[in-house]
Q: 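Got a structure for you, written out below as structure tokens; questions coming shortly.
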Protein chains: 2
Amino acid sequence: MNKFKEIFLDLEEKILNNEYPPHTLLPSENQLIKMYGVSRETIRKALNLLTNAGYIHKKQGKGSIVLDMNRFDFPISGLTSYKELQKNQHIPSETIVVELKKIATPKELSKLTEWPVASEIWKLVRQRKIDNEVVILDKDYLLTSVVEDLPIKKAEDSIYEYFEEELGLNIAYAQKEILVEPVTKEIKDLMDLHGDEHVVVVKSLVYLEDTRCFEYTESIHRLDKFRFVEFARRRKQN
Amino acid sequence: MNKFKEIFLDLEEKILNNEYPPHTLLPSENQLIKMYGVSRETIRKALNLLTNAGYIHKKQGKGSIVLDMNRFDFPISGLTSYKELQKNQHIPSETIVVELKKIATPKELSKLTEWPVASEIWKLVRQRKIDNEVVILDKDYLLTSVVEDLPIKKAEDSIYEYFEEELGLNIAYAQKEILVEPVTKEIKDLMDLHGDEHVVVVKSLVYLEDTRCFEYTESIHRLDKFRFVEFARRRKQN
DNA sequence: GTAGATTTGTACGTATGTATA
DNA sequence: GTATACATACGTACAAATCTA
């Protein structure tokens with residue numbers, strides 16, 4: 001592990017454990033240099049990671065102020081997100097593979113992904129159940145030339161873990177789009193929508209280290225189960 | 001302007017002008033050092049800005065690959081976003097101030113913002129019209145101790161421009177939450193919803209340089225007019 | 001397949017500028 | 001005004017990944 005990554009993780013842990021509570025200052029860069037026995041640049045890289053993750057705000061001449069994260073996790077929106085629920089593991093969640101087969105790339109998909117029309121891809125459709133209701137439907141399309149084998153057992157778990165740890169794929173970045181669309185008959189049949197006429201659709205193009213696009217995903221959420229939180233900085237960084 | 005910011009802007013422009021087309025490599029860091037006559041760190045900071053903005057992907061031992069942005073701006077979703085529409089200025093857009101007055105901070109808002117209950121704030125409600133339909137409704141709540149004066153003329157334009165350029169406020173960062181909520185009677189009355197029973201709500205807490213929260217905003221979008229695009233990197237940076 | 005050149009990543013050191021207290 | 005703290009910038013060295021001959 002890199003030094004700056006280690007320092008980042010250490011400071012992150014201390015912030016989360018309230019050793020550095022919100023509205024207080026972190027030790028100055030000079031102090032951190034002595035505490036960790038590294039150079040200034042290494043400290044600054046660690047602090048940049050904290051900044052980008054929304055943990056602190058640096059102010060010239062003053063110091064690094066600890067922010068209180070997740071104001072939105074508190075009261076206002078009664079429900080916490082699916083992801084949160086899963087992470088806390090308190091609520092049982094289940095994945096059902098509805099469809100897993102090889103198909104030829106349709107024309108519309110080819111436009112988005114730049115995969116050759118009719119090239120062979122996997123189509124994977126999965127239902128995500130919470131409290132015995134299908135509230136998320138995931139549709140994945142994957143290049144078979146990159147993912148040759150896709151066992152159903154892996155699809156029931158996390159395909160990303162399978163890609164990265166077993167296939168050694170290096171996933172680099174993704175372009176994502178969030179929008180609301182009317183429900184189709186297929187979606188109505190596969191989800192428990194309580195009569196909603198719309199769903200939230202998160203579309204993603206996922207790329208490897210060599211900048212090849214190898215996956216297109218549509219993650220379809222029931223309106224009341226969708227939530228997206230972001231930390232945004234005005235202007236620059238560094 | 002900083003050197004690295006200038007270099008970033010220069011490279012960004014060249015990428016957008018296709019002088020560095022997608023799938024090609026930027027000049028190496030060593031070449032850029034000579035081209036711009038600066039040190040390596042300066043070049044690397046500029047490249048980091050490009051990386052974070054999703055323009056390039058750096059690969060050790062290889063170089064900086066130019067990505068093609070905005071795959072999603074092309075075909076698939078027939079409509080482009082409100083923001084896009086405004087930016088291109090082709091479609092007339094109009095802002096109507098519905099409400100602008102001082103109120104006392106209600107309890108629920110106080111919980112979120114940590115403003116004292118009953119402290120004085122501005123309440124500003126604005127309709128955003130496109131093609132003569134109200135498709136966005138913006139509700140803003142602002143500390144009067146920070147924004148003492150809020151002329152209606154400014155509210156009809158961009159309040160942010162007013163805050164930053166005329167009041168000299170330094171807006172630093174924001175926490176945002178996106179979710180879908182059922183419509184209230186108030187919203188139904190103020191927007192043209194075509195019978196939709198839901199709206200997309202973007203809630204934001206906005207902070208100043210000194211980490212004071214000075215604004216809370218709810219931006220309410222008609223379902224078919226909402227769109228959010230993101231570039232996401234897996235793992236680290238720097 | 002290996003060796004060497006190229007390219008980015010990490011790390012340290014130093015100096016100066018600018019904002020804050 | 002002085003001290004402190006972060007920001008920018010230059011320079012150097014070596015490591016790790018990639019490419020080429």
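Just so it is clear: chains get the letters A, B, ... in the order the sequence lines come, proteins before strands, and each one is counted from 1.
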Q: Using the side-chain heavy atoms of B/Phe4, tell me which of these nucleotides is nearest: D/dT18, D/dA9, C/dT10.
A: D/dA9
Q: Whether B/Thr42 contacts D/dC10 is assessed here as follows: a side-chain N or O lying under 4.0 Å from the phosphate OP1 or OP2. Is that the case?
A: yes
Q: Is there a side-chain polar atom (N or O) of A/Lys45 under 4.0 Å from OP1 or OP2 of C/dG9?
A: no
Q: Per the salt bridge (charged side-chain N to carboxylate O under 4.0 Å, His left out) rule, what does the pair list look like for residues 17-42 of chain A, sequence neighbours excluded?
A: A/Glu29-A/Arg40, A/Glu29-A/Arg44, A/Glu29-A/Lys58, A/Glu41-A/Lys45
Q: If you restrict it to nitrogen or oxygen atoms, what contacts under 3.5 Å exist between nucleotides 13-17 of chain C and the protein, and what is each distance?
A:
from, atom 1, to, atom 2, distance (Å)
C/dG17, N2, A/Gln60, OE1, 3.2

Q: Rounded to whole angstrom units, what separation is found between the CG atom of A/Leu47 and the C1' atom of C/dA11?
A: 16 Å
Q: Rounded to whole angstrom units, what separation is found between the NE2 atom of A/His57 and the P atom of D/dA5?
A: 17 Å
Q: Expressed as a whole number of angstroms, how long is the span from A/Leu25:CG to D/dC6:P?
A: 8 Å
Q: So, is B/Lys58 close to the C/dT7 phosphate, meaning a side-chain N or O under 4.0 Å from OP1 or OP2?
A: no
Q: A/Ile33 CD1 to D/dA5 C1': how many Å, rounded?
A: 11 Å
Q: Kindly indicate, with the supporting measurements, whether the criterion ring pair (Phe, Tyr, Trp, His ring centres under 6.0 Å) is fulfilled by A/Phe214 and A/Tyr207.
A: CA-CA 6 Å; A/Phe214 87 108; A/Tyr207 296 80; 9.0 Å; no
Q: How many whole angstroms separate atom NZ of A/Lys59 from atom P of D/dA7?
A: 10 Å
Q: Between B/Lys3 and D/dC10, does any side-chain N or O lie under 4.0 Å from OP1 or OP2?
A: yes
Q: Who passes side chain to side chain contact (heavy atoms under 4.5 Å, CB included) against A/Glu161, sequence neighbours left out?
A: A/Asp157, A/Ser158, A/Glu165
Q: Would you mind reading off the distance between B/Arg44 atom CZ and D/dC10 atom P, rounded to a whole angstrom?
A: 15 Å
Q: If you fit an axis to the five pairs at each end of the helix from C/dT2-D/dA21 to C/dA21-D/dT2, how big is the angle between those two axes, to 10 degrees?
A: 10°
Q: Using the test side-chain hydrogen bond (donor to acceptor under 3.5 Å, both in side chains), find all partners of A/Glu209 that sit at least two apart in sequence or belong to another chain.
A: B/His57
Q: Heavy-atom distance under 4.5 Å between the side chains of B/Val201 and B/Glu177, does that happen here?
A: no
Q: Between atom CG in A/Asn2 and atom P in D/dA17, what is the gap in whole Å?
A: 11 Å
Q: Would you please name every residue forming a side-chain hydrogen bond (donor to acceptor under 3.5 Å, both in side chains) with A/Lys123, sequence neighbours left out?
A: none
Q: With sequence neighbours excluded, what pairs up with B/Lys3 under the salt bridge (Lys or Arg N to Asp or Glu O under 4.0 Å) test?
A: none
Q: OP1 or OP2 of C/dT8 less than 4.0 angstrom from a side-chain nitrogen or oxygen of B/Lys62, does that happen here?
A: no
Q: Taking CD from A/Glu6 and C1' from C/dT10, how many angstroms apart are they, rounded to a whole number?
A: 13 Å
Q: List in chain and number order the residues that pass side-chain hydrogen bond (donor to acceptor under 3.5 Å, both in side chains) with B/Thr51, two or more places apart in sequence or in another chain; answer none if no residue qualifies.
A: none
Q: Excluding sequence neighbours, so at least two apart, what forms side-chain hydrogen bond (donor to acceptor under 3.5 Å, both in side chains) with A/Asn30?
A: none
